[in-house]
*Asks:* 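What follows is a single structure, and I will ask about it in a moment.
All heavy atoms count here, side chains included; hydrogens, waters and symmetry mates do not. Below, chains carry the letters A, B, ... as their sequence lines are ordered, and counting in each starts from 1.
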There are 2 protein chains.
Amino acid sequence: MKIGVVAVSSRFAKERAEAIQAWFDLKFPLGEVTVAFHPNSFDKSGHFAGDDAARADAFVEFANDPRLDHIWFARGGYGSCRIAEAVMPRLTEVARRKRYLGYSDVGSMLAILYRNGFNVAHGPMASDGVRNDPTGFRSLNWLRKGETEGLEPSLLSDPRPAVAFNLTVLDQLLGTPLEPDLTGHILMLEDVSEAAYRIDRMMFHLTSQPSIRRVAGIRAGRFTDVTVNEPDFGLTGEQIVQFWCERSGIPYLGLADIAHDRENKVVPFGPRP
Amino acid sequence: MKIGVVAVSSRFAKERAEAIQAWFDLKFPLGEVTVAFHPNSFDKSGHFAGDDAARADAFVEFANDPRLDHIWFARGGYGSCRIAEAVMPRLTEVARRKRYLGYSDVGSMLAILYRNGFNVAHGPMASDGVRNDPTGFRSLNWLRKGETEGLEPSLLSDPRPAVAFNLTVLDQLLGTPLEPDLTGHILMLEDVSEAAYRIDRMMFHLTSQPSIRRVAGIRAGRFTDVTVNEPDFGLTGEQIVQFWCERSGIPYLGLADIAHDRENKVVPFGPRP
């Protein structure tokens, strides 16, 4: 089995790829699972891992390559919304048979892939694997085997389809051609390094959308490294999610075990298999 | 003539109100124009100038009060999106005869007021007046007399209806009940203290909206105090606006003389009088 790693967002360092390679070598000493990095992913264009055309080409090539079984996004940062719409019409049936894993900025990719019936999950990036924490390996097991052991625990008792997003990333694709139909879905939200007033403003925006009012309910993941607010905002990220659910009439379903941290659990999109 | 000053966003300090009072006394020593502050505006509720009910009540009371001629928003920060929808049905014909001035966070109020046919302009807050710079007095002259001397200069040669917004604030009201119909409008955008990658992501979101694709064109105001990006993003705020106009097919109309600075010019919403 071979996993393709490709960068669609911020610059991706060669040293980071080497660390990922070493992690795979350690986890699979007999070469049961190997990893391939798209050469474009080491390009640099200002903020990005190559310009939009280079990143789009890299993703399309890897997604359509029959020698690669599944795709793990290299890292987040920012940039995948710039290519998500353009790559979709270029994907073949080969691409449709793969699983795709990542979170944070690549939520834009997950959104449009899920909208088009692809098999995606919200979980750490390949770059996070090298921290050598449990979430990396759990997620890789979903990616390579569709394994459901490391899943977000509420999924085990609730059969409704689910999705998970970084709040900021979902907030910024609402109303665009990337937005999937989330009618009847459980929506899990997490974020990192945002100020409380921004979380509040995004929850206003999100819960005011007629499309989002059709979800089955919202779960609050962890909001970590919240930027200091002066004076104190008065609500945590989780409380802000609950506040806007109550105000908008969207059922608040409690906490979700997702975040930009080593405890994060995997959330495959859609109905349970 | 009496101007009502009311806080609908972040906390508003008594000292700031005293400075605004002193500025009015200096500018209008014969009492030709006086100023009144709503007592609720000095409330404190966490981040906000009182809780949502107190801020909404204050705005509605001042807007509907026949003894006040026009309304100047006290200051920005964050919070007006939390009350904008709730106050609209409570406004009377008295409120409809007034002019409303502010920018930044109160863009949420300008949006829903304009959507409902009220007379609003994008310009500094009452708090900015006390810097004693030209934009404060120019804007006050629009507020008290509808004067058009301090207007954004492109308005003089282009008869199409115009609006101006802080990019972040407009971005966060798209698709909500606050969003006005901007079909055929010139849309001017400015922002302060945002990172380039955030400006880029917001312009993706904004220009991907079917509603925004119907504007006559976009002008880029100044993007000031842009948060440092590592590595350098490669485009200025103005260049990012132009990039997304070109990509989305929205006409890019050049620069606009608006910003969170002392050079800012006033933009009354809608068609020229």
*Asks:* Can you give me the closest heavy-atom contact between A:Gly175 and B:Pro210, atom names plus distance?
*Replies:* O-CD, 3.7 Å
*Asks:* Spell out, as yes or no, whether a donor-acceptor pair under 3.5 Å connects the side chain of A:His205 to the backbone of B:Leu174.
*Replies:* yes
*Asks:* For B:Arg16, look at atom CZ and say whether over 12 heavy atoms of other residues, nucleotides or ligands are found less than 6.0 Å away.
*Replies:* no
*Asks:* Return the option, out of B:Met202, B:Gln209, B:Glu230, B:Glu85, with the maximum number of heavy-atom pairs under 4.5 Å with chain A.
*Replies:* B:Gln209
*Asks:* Could you check whether the rings of A:Tyr78 and B:Tyr197 sit parallel, tilted or perpendicular, using 30° and 60° as the cut-offs?
*Replies:* tilted
*Asks:* Looking at A:Leu206, is its backbone amide N or carbonyl O close enough to the side chain of B:Gln172 to form a donor-acceptor pair, meaning the two atoms are under 3.5 Å apart?
*Replies:* no
*Asks:* Heavy-atom pairs under 4.5 Å with chain B - which of A:Pro231, A:Gly46, A:Gly79 has more of them than the others?
*Replies:* A:Pro231
*Asks:* Please report the interatomic distance CZ(A:Arg82) to CZ(B:Phe243), rounded to the nearest 0.5 Å.
*Replies:* 4.0 Å
*Asks:* At a heavy-atom distance under 4.5 Å, which candidate from A:Thr207, A:Thr176, A:Leu178 has the highest pair count against chain B?
*Replies:* A:Thr176
*Asks:* In plain terms, say whether A:Arg201 and B:Asp171 are close enough for a salt bridge, that is, a side-chain N and a carboxylate O under 4.0 Å apart.
*Replies:* no
*Asks:* Measure B:Thr168 against the heavy atoms of chain A and call it side chain, backbone, both or neither at under 4.5 Å.
*Replies:* side chain
*Asks:* Please look at B:Arg247 and chain A and tell me whether the side chain, the backbone, both or neither of the residue comes under 4.5 angstrom of a heavy atom of that chain.
*Replies:* side chain
*Asks:* Counting heavy-atom pairs under 4.5 Å to chain A, which of B:Asp200, B:Asp232, B:Asn229 comes out on top?
*Replies:* B:Asp200
